[in-house]
Amino acid sequence: MNIESYLSQTISVVVNHLFELATTPESIVLQKTKKEFEGDYTLVTFPFIKAAKATPEQTGKLIGDMLLKENANIINFNVVKGFLNFSLANTFWLNEFKEIVAQPNYGIKKANSSGKQIMLEYSSPNTNKPLHLGHIRNNLLGFSVANIIQTQGHEVIKVNLINDRGIHICKSMIAWKLFGNGETPESTHEKGDHLVGKYYVAFDKEYKKQTAELEAQGLAKEEAEKKAPIMLQTQDMLLKWEANDSETIELWKTMNGWVYKGFDVTYKKLGVTFDKLYYESNTYLLGKEIVQEGLAKHIFYKKENGSVCIDLTNEGLDEKVVLRSDGTSVYITQDLGTAIERAKEFPKLNQMIYTVGNEQDYHFKVLFKCLEKLGYDWAKECFHLSYGMVELPEGKMKSREGTVVDADDLIDGMVATAKETTEELGKVEGFTTDALETLYETIGMGALKYFILKVDPKKKMMFDPKESIDFNGHTGPFIQYAHARIKSILRRFEKPTHELIISDGIELHAKEKELIKGLYEFSISLEESANSFNPAIVANYVYELTKLFNQFYNECPVLKEENETVKEFRIKLIETTSTIMKNGMKCLGIEVPERM
RNA sequence: GGUCCCGUAGCUCAGCUGGAUAGAGCAACAGCCUUCUAAGCUGUGGGCCAUUGGUUCGAAUCCAAUCGGGAUCACCA
């Protein structure tokens, strides 16, 4: 049951009767009562004082009196200025709790016929370098949003479009050919993506050296950059690749193979998965036909030099090239092609979501506008899940220069810190070695994932590698710890919990009531989180719930409670709390341990 | 320069579909482990919510301008 809409309904009836209004339940301003005041919900009465022809205080009292008379669930009220605070009966909250308990997956809707089919693209790595912190945000965000959308009864197809071709890929290939001496991940015991990334950096170094030399010989900077031998070799290689030169293709396959193996390890550590992989080498030629189609429809036009453009100046955008004068594709050509291809491949698709950084806001505006102009009505259901950059205190990350926070290093560092902390706290007893390894990963990754996901995706976020991610306070381990504490109590409880019956006569402790309210909120937060594609809402919700639990834990003994009815109720209460914590964290891709 | 995003405590972030005295965490300080795991709980200090003006009974929240920061405006991806 949605408590707010139930109350709004009641209030609108009362208000309409009292003041001869025609207020709809939706227009009632209702909020949770602030901590400092007595009550559960608060009605803002300012909107009614005119119709009531009374002061805010009098208006509040009028409404309060009538609510008290009309609704048995409302047992008390007080008025402070224009605010009517009212309390709901003990039994009301107990019943609410029973309803939650009766739904094993409270807040989570099963996939049903009214659910949508949604494609969500995320990750989209380049195969010339390892993943870094920016990719971590992308991956965690994409995976988490997919989970969250699923809880609302939708089907999500997670896809990864791998950027496996192009000049940047050739750069690391050339560098490897020149300086690699036949190195392989096996020979160097290096992760494949790191090995290839090393040569990408090597390319940049050599390229800078060569341009500097040419500049010293008197060439202009621009000229030098064009004429550097290594750049010419790279361009030549790209041509060979496009001409399907067997030796080049062979090297490309080999090196990309190394990278994929490396990526798989990182993806596994991050716990992200995909339903379908797309490779740009297969899709980059798509879209040319679309351009012809657009030309025929006079949506695109040909310029004198032969390039094809679209004029979006009326839309507040610019003129954009969609096909080069030499007839080759640009970025947006393939994106048009890929989108249309996917729509054909999945005819039931209701929405396409692209998880890509906000530096590409403009690109996606143009892309969606193009699709719309081409007459694809699903274009307005396309959504760019845009997220802010992860910033470092020293400035930007540049993978070419190797000044990045590497994903694997960061992950390993987090796990190592988890290990250190656990050992320092002396909490290693009773675990097998394997269980400990798993625990360190759970805690380390929990801390990292929570750190990233608790902030609003739209906003840029700051990450200071020098300050390690915290394990105290508003963090993943804080929640994991509370969960483990609950499980510890449940392990000691002698009866099977499913047999427990919640008695009606229980007088709720303040912290118990707060906790029930907190449990109820899960469903609302999850829905809000899904609607706004924002995992931070769930993340912050679970934190709030955990705080409520910790307060309860401090004030209300469970196993030591002498009254058997109360004890069993509390068992049920914490069991439900642990389930919601677990389900909430699962949405974020974070595991919660049974003990820690 | 055009367009878009962002400015909240020393730091990292909530709150933004307008409502009461603006919240957390970290850091600092002070309490709580013969009581279910102290990765916890309780308390103290810390704020012209960038600035100015407007709308409103009421503005951190909406509007405008200014200042500061970032992104983007490629026949790169």
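Each chain gets a letter, A, B and so on, in the order its sequence line appears, and its residues count up from 1. Keep in mind that the numbers below use all heavy atoms, side chains included, and drop hydrogens, waters and symmetry copies.
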Name the orientation class of the two ring planes belonging to [X] and [Y] (parallel below 30°, tilted from 30 to 60°, perpendicular beyond 60°).
X	Y	value
A:His474	A:Tyr543	parallel
A:Phe364	A:Tyr354	tilted
A:Phe451	A:Phe463	perpendicular

Give the rounded distance in Å between these two atoms: [atom1] of [X] and [atom2] of [N].
X	N	atom1	atom2	value
A:Glu391	B:G7	CD	C1'	13 Å
A:Asp456	B:U12	CG	P	16 Å
A:Ile537	B:U17	CD1	C1'	13 Å
A:Tyr362	B:C73	OH	P	8 Å
A:Glu555	B:C41	CD	C1'	9 Å
A:Lys419	B:A39	NZ	P	19 Å
A:Lys35	B:G43	NZ	P	10 Å
A:Lys459	B:A71	NZ	P	18 Å

Applying a 3.5 Å limit to both distances, which nucleotide forms a Watson-Crick or G-U wobble pair with [N]?
N	value
B:A30	B:U42
B:A9	none
B:C62	B:G54

Of all the choices, [options], which nucleotide is nearest to the side chain of [X] once you look at every atom?
X	options	result
A:Met596	B:A39, B:U35, B:U72	B:A39
A:Glu359	B:C73, B:C4, B:U72	B:U72
A:Pro557	B:G69, B:C36, B:A77	B:C36
A:Tyr331	B:A77, B:A39, B:A20	B:A77
A:Arg485	B:A20, B:G40, B:A77	B:G40
A:Arg492	B:C36, B:A39, B:A20	B:C36
A:Phe46	B:C57, B:A14, B:A39	B:C57
A:Asn554	B:C4, B:A39, B:C41	B:C41

Give one of base, sugar-phosphate or nothing for [X], where a contact means two heavy atoms less than 4.0 Å apart.
X	result
A:Val44	base
A:Leu323	nothing
A:Val558	base
A:Gln551	sugar-phosphate
A:Ala484	base
A:Ser386	nothing

Take A:Glu568 and A:Lys495, measure what salt bridge (Lys or Arg N to Asp or Glu O under 4.0 Å) needs, and give me the verdict at the end.
CA-CA 9 Å; A:Glu568 293 185 1; A:Lys495 287 188 226 168; 2.4 Å; yes

Protein heavy-atom contacts under 4.0 Å, written 5' to 3' over nucleotides 22-31 of chain B as B (base), S (sugar-phosphate only) or - (none), form the string --SSS-----

Within 45° cone of A:Tyr387 ring axis and under 6.0 Å: A:Arg137 NZ or CZ:
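Cation-pi check for A:Arg137 and A:Tyr387: fails.
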
For A:Lys208 and A:Asp204, what are the C-alpha separation, side-chain angles and deciding distance, and is it a salt bridge (Lys or Arg N to Asp or Glu O under 4.0 Å)?
CA-CA 6 Å; A:Lys208 279 197 175 133; A:Asp204 197 58; 3.3 Å; yes

With respect to A:Met581, which candidate in A:Val592, A:Leu545, A:Thr576 satisfies the side chain to side chain contact (heavy atoms under 4.5 Å, CB included) definition?
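That would be A:Leu545.
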
Could you tell me how far B:G58 sits from B:A22 if I compare only their C1' atoms? Round to whole Å.
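Looking at atom C1' only, B:A22 and B:G58 are 15 Å apart.
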
Under the rule syn = chi within 90° of 0, otherwise anti, which is B:C33?
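Classified syn.
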
State whether A:Lys81 places a side-chain N or O below 4.0 Å from either non-bridging phosphate oxygen (OP1 or OP2) of B:U21.
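So the side-chain polar atoms of A:Lys81 do come within 4.0 Å of the phosphate oxygens OP1 or OP2 of B:U21, strictly under.
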
OP1 or OP2 of B:A71 under 4.0 Å from side-chain N/O of A:Asn358
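Checking B:A71 against A:Asn358, no side-chain N or O comes under 4.0 Å of OP1 or OP2.
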
Counting only heavy atoms not in A:Glu304, do more than 12 sit closer than 6.0 Å to its CD atom?
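For A:Glu304, atom CD is not crowded (no more than 12 foreign heavy atoms under 6.0 Å).
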
Do the side chain of A:Asn85 and the base of B:A20 come within less than 3.5 angstrom through a donor-acceptor pair of N or O atoms?
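Present.
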
Let me confirm one number: the CG-NE2 distance from A:Asn126 to A:His135, rounded to the nearest 0.5 Å.
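Interatomic distance, A:Asn126 CG to A:His135 NE2, rounded to 0.5 Å: 6.5 Å.
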
Can you check whether A:Tyr553 stacks with the B:G40 base, using ring centres under 5.5 Å and planes within 30°?
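No; centroid distance or tilt outside limits.
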
Is the aromatic ring centre of A:Phe37 closer than 5.5 Å to the centre of the six-membered base ring of B:A20, with the two planes inclined by less than 30°?
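Yes, A:Phe37 stacks on the base of B:A20, since the ring centres sit under 5.5 Å apart and the planes are within 30°.
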
Should A:Trp252 and A:Tyr279 be marked as a ring-ring contact (aromatic ring centres under 6.0 Å, His included) after you check the CA-CA gap, both sets of side-chain angles, and the distance that decides it?
CA-CA 13 Å; A:Trp252 173 73; A:Tyr279 295 89; 8.8 Å; no

